[in-house]
Trainee: 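Before anything else, here's the structure in question.
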Number of protein chains: 2
Amino acid sequence: MQSKAASRRGRGEPPVRQAEEAAATVSDQEIYDRIVTSIMEHRLPPGTKLGEDKLARIFGASRARVRQVLARLALERIVVLQPNRGAFVAEPTVEQAREVFEVRQPLEALVVRRIIARRDPGLIARLRAHVAAEEAAREARDRRAIIRLSGEYHVLLAELSGSSLAAGLMRELASLTCLIIFLYDAPAVPACRDEEHAEITQALADGDEAAAIRLMAEHLDHVEACLDLSRGAAQELDLDAALAG
Amino acid sequence: MQSKAASRRGRGEPPVRQAEEAAATVSDQEIYDRIVTSIMEHRLPPGTKLGEDKLARIFGASRARVRQVLARLALERIVVLQPNRGAFVAEPTVEQAREVFEVRQPLEALVVRRIIARRDPGLIARLRAHVAAEEAAREARDRRAIIRLSGEYHVLLAELSGSSLAAGLMRELASLTCLIIFLYDAPAVPACRDEEHAEITQALADGDEAAAIRLMAEHLDHVEACLDLSRGAAQELDLDAALAG
DNA sequence: TTTTTCTAAATTGTCGACAATATAATGATT
DNA sequence: AATCATTATATTGTCGACAATTTAGAAAAA
């Protein structure tokens, strides 16, 4: 099947590590977390087929278990289920990308207001620790970790806000944003938001609600502005290239 | 092939012989819709146990199918799954109730802005038709239909806004709101919002964004203000009667 | 060579059976 | 009589097997 490594740039073998083989028992949550992490770190590119049998072998779990997890991912819009065809990592359209940012904007503002209202210093400490982790990943040039941690900052924010509903929604939206960034981002991306998380955290520590909300809004605008949403997805380019040759 | 037997859709529960045929025809979506409708109409009160075997018999489907639907409902927070104990209709806490309204507030504003931006007359017509249906249900004193239709107005609004993301979120939040109203509402509730949907629709028809947003915010405030945050009631009910129809 | 048709392989959808756990029912003990 | 321990029943959790469908490949025809 796989003749040339170069030919399977688009959607080939799953980049999921096969290192740990069939251990005794792996929970649904573990399977879910590993797939989500892989997607957030772009080791599973959009469009990748997630075969049930293949995943079951990788995780050493039964197919039914994997199937359950895939159904959950599909409901969270991170994965698309095609009847009788299987599960694929979602490829959000330009339209969907805009919708995600549109919903995130007021939701993040809500989260910021809640955190300000709490005035919990321990809360700020956790945020600072996360920002430090982001900084470390950036210095280590670990681009995958950078992308994942950037998304997780917002999830952490929502969790610390005390609204489990907002946290759940943010988890979903953050994962989707990772997919969107992978699909539509220009190469020089991460520079766009290097210090913004730190600045937002500082505004929260100061209890400056207006500044925090403004910084957050600008931050989201910056990320969205970095995207090239005028043209089709990068995946279509691959298709065109393949057809030309 | 033969669908003659299916034409007999009485209120009587599907006996064994009908169950056999229904197994092939009842889709997951149908099971999902019927349970959601029953919950929205308060025929399945919060706290009701949703036994897998019992539901499977009622719908004439396999337990695995029912289990899938229950997992989906759990992910949408309408149902709670207790490990090794089963599925129960969710009983949102006071905290969760506040969270729902808190998230709905900016989300509904977003939906209103989108609809205004569209300026589609056909869209207004559909809204008016729905409001008329609400009016009819109110005149018919069909309290269950009133509650369900009230929630569905907001879902329809989100769908017509053109954002599938917002629509999906609103569907979840509307169902939760129905549960919340059942748990915490004082008896004299629906009076709270008799004409508000019509007024919002009119503002949308006029293209008056500021008025529409203000009316919507006030509407949500009114509903929330009607809630009584001191008691909670749940009673046993047999599933067959509640799911019939 | 290109297109079409048919066959074979692989993958998903569905179900029933068995094991693990919780609930109830019963009987024994204080 | 009340409480606790034990047994019995019912429900959920998990798995493998089989059927239905799709995909890939081979063979045949244009």
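A, B, ... follow the sequence lines: proteins, then strands. Residue 1 opens every chain. Note that this is a predicted model, so its numbers are computed, not measured.
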Trainee: Grab the CG-P distance between A:Leu55 and C:dT11 for me, whole Å please.
Mentor: 12 Å
Trainee: Which heavy atom of A:Val89 sits nearest to which heavy atom of A:Pro45, and what is that distance?
Mentor: CB-O, 3.5 Å
Trainee: Apply salt bridge (charged side-chain N to carboxylate O under 4.0 Å, His left out) to A:Glu41 and list each qualifying residue two or more places apart in sequence or on a separate chain.
Mentor: A:Arg43, A:Arg148
Trainee: Using a cut-off of 6.0 Å, state whether more than 12 heavy atoms not belonging to A:Arg126 lie near its atom CZ.
Mentor: no
Trainee: Taking CG from A:Leu81 and P from C:dT12, how many angstroms apart are they, rounded to a whole number?
Mentor: 10 Å
Trainee: If you take all heavy atoms of B:Val66 and B:Leu55, which pair is closest and at what distance?
Mentor: CG1-CB, 3.7 Å
Trainee: Under a 4.0 Å heavy-atom cut-off, which of residues 70-79 of chain B touch DNA chain D?
Mentor: none
Trainee: Could you grab the distance from atom CG of A:Leu107 to atom CZ of A:Arg104, nearest 0.5 Å is fine?
Mentor: 8.5 Å
Trainee: Give the minimum heavy-atom separation between A:Leu160 and A:Arg118, together with the two atoms involved.
Mentor: O-NH1, 3.1 Å
Trainee: If you round to the nearest 0.5 Å, how far is CG of B:Leu50 from CG of B:Leu73?
Mentor: 8.0 Å
Trainee: For nucleotides 6-12 of chain D, print each protein N/O atom paired with a nucleotide N/O atom at under 3.5 Å, atom names and distance only.
Mentor:
| unit_1 | atom_1 | unit_2 | atom_2 | d |
| --- | --- | --- | --- | --- |
| D:dT12 | OP1 | B:Glu52 | N | 3.4 |
| D:dT12 | OP2 | B:Glu52 | N | 3.3 |

Trainee: Salt-bridge test for B:Arg171 and B:Glu159: reply yes if a basic N is under 4.0 Å from a carboxylate O, no otherwise.
Mentor: yes
